[in-house]
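Note on naming: letters A, B, ... go to the chains in the order of the sequence lines (proteins, then strands), and numbering restarts at 1 for each one.
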Protein chains: 2
Amino acid sequence: MSDRTGARGPYARGVARRQEIVHAALEVFATRGYDAVSLREIAAQVGLSHTGLRHHFASKEDLLTAVLRYKDELTLTPDEQVDVSGIAWVRASRDVVALNARQPLLIRLFATLSVQATDPAHPAHTYFVERYRIAREIATRHLAQARDDGDIAADVDAEHCAELMLAAMDGLQVQWLLEPDRVDMVAAYGQFLDRFLAVLAVPLPEDGGTAQR
Amino acid sequence: MSDRTGARGPYARGVARRQEIVHAALEVFATRGYDAVSLREIAAQVGLSHTGLRHHFASKEDLLTAVLRYKDELTLTPDEQVDVSGIAWVRASRDVVALNARQPLLIRLFATLSVQATDPAHPAHTYFVERYRIAREIATRHLAQARDDGDIAADVDAEHCAELMLAAMDGLQVQWLLEPDRVDMVAAYGQFLDRFLAVLAVPLPEDGGTAQR
DNA sequence: GTCTATACGCGGATAGAC
DNA sequence: GTCTATCCGCGTATAGAC
């Protein structure tokens, strides 16, 4: 088999082109937004025709998916292999929210596509299904560890709590993006962690959660 | 001033046309999705030219906004002026989630637009800002009442909790839409209510939520 | 106010050059 | 495999009929 990824392989030009396109697209998508940029413009910027670009990326969504994947690598590779785990990891998620609060355009890009990719026919569907699945697994693992460490209640459903953590992040993002000055995403998520984890620290009442007086 | 809304007013035809268009659009948007339907098709269905339709609705998003507004009226008018309030209202929100779980296409429609409308230049921006503002106010009011009734802790930030309730709903919707068979939206939200309200029932620990052992 | 014809750039699909 | 020319329906903008 020939070397598809090597710099001097037979398909080296194509690989380089793809990289070039993804770079240009990331730059312009993050700066001006997905809808505001046309494929023809990106193509011209890298010295290609509209159809030439679409040889490498079958659709605009396909290109966007590649851009997001690339962005994922950029953000996850450097560190993120942090040494925190269990309850410490859960608490550290607050920092992720705080970081997101500084990149509204990119966050909107992810949020927009994640909802649209909900359609099974969407080009990025598989990507986002996998992305959330992995995120849930990681969160579930740390929550389970926190439970085993005795940091939260023993009867906690780690999977449901993992879903809720991601849901709180995503949902707060929408409200924050709509009214950045009015909705304090970081504070609300912090309250979620504090209160939610506090209740996690004690077993549920026998009646299943009815408020006490 | 002339009667703009009456059935026999001078602009009655336009009002009737708008209604007709909204009806047709709601039907076809909810059935086949927003992107899959063209304005030309809707126009033809109500006996109008493409441009004729755009006289009544300046853009496709504009029409969608009208459709969603109409859908809001349909769902909110019948009852929903339920007699529950305070903690009972909060618990009843679980039924709303359960209801949503039966209308995936419409939920995706709302979810998609709510994220896109995050852009201040989006035609539906004002609509969604107002929609979430009202939803937060209602939730905040009931949470505050629950607090005053002694059903939840006295130091609860009702506004932040209101944001979290809406966020949990929205965020869970995305994960559920991505993998309906794998993510149990209703169960996860139920757990959110149970655990979150349980912790709300007791004051926060002095250290601000650090897990107890 | 109600409505139409025409033109623009867009994302996408097809056929084919090299 | 890499890339282009051409055509399609789309949402949108403008000029104008009635």
Under 4.0 Å between a side-chain N or O of [X] and OP1 or OP2 of [N]?
| X | N | value |
| --- | --- | --- |
| A/H56 | D/dC3 | yes |
| B/H50 | C/dC3 | no |
| A/H55 | D/dC3 | no |
| B/R18 | C/dT2 | yes |
| A/R54 | C/dA13 | yes |

List, one per line, each side-chain donor-acceptor pair under 3.5 Å for residues 137-145 of chain A, sequence neighbours excluded.
unit_1 : atom_1 : unit_2 : atom_2 : d
A/T140 : OG1    : A/R136 : O      : 2.6
A/H142 : ND1    : A/G86  : N      : 3.0
A/Q145 : NE2    : A/S85  : OG     : 3.1

Could you give the [atom1]-to-[atom2] distance, from [X] to [N], as a whole number of Å?
| X | N | atom1 | atom2 | answer |
| --- | --- | --- | --- | --- |
| A/I42 | C/dG12 | CD1 | P | 12 Å |
| B/Q116 | D/dG11 | CD | P | 14 Å |
| B/L39 | C/dA5 | CG | P | 17 Å |
| B/D35 | D/dG9 | CG | C1' | 14 Å |
| A/H122 | C/dG12 | NE2 | C1' | 14 Å |
| B/L53 | C/dA5 | CG | P | 14 Å |
| B/L64 | D/dC10 | CG | C1' | 16 Å |
| B/F57 | D/dG11 | CZ | C1' | 16 Å |

Checklist entry - Going by an N to O cut-off under 4.0 Å, is there a salt bridge joining A/E20 and A/R13? => result no
Next on the checklist: Please compare A/T51 and A/V37 by the position of their nearest nucleotide in DNA chain C and report the one closer to 5'.
Outcome noted: A/V37
Next on the checklist: Do B/Y34 and B/L105 make a side-chain contact, defined as non-hydrogen atoms from C-beta onward lying under 4.5 Å apart?
Outcome noted: no
Checklist entry - Heavy-atom distance under 4.5 Å between the side chains of B/Q173 and B/R108, does that happen here? => result no
Checklist entry - Contact class for B/S38 vs. all strands (heavy atom < 4.0 Å): base, sugar-phosphate, or nothing? => result sugar-phosphate
Checklist entry - Which is true for A/L48 with a 4.0 Å heavy-atom rule: it touches a base, it touches only sugar-phosphate, or it touches nothing? => result sugar-phosphate
Next on the checklist: Quiz question: going by heavy-atom distance under 3.5 Å, is there a donor-acceptor pair between the base of C/dG9 and the side chain of A/R40?
Outcome noted: no
Item to check | B/D119 versus B/H122, side-chain donor and acceptor atoms under 3.5 Å | outcome: no
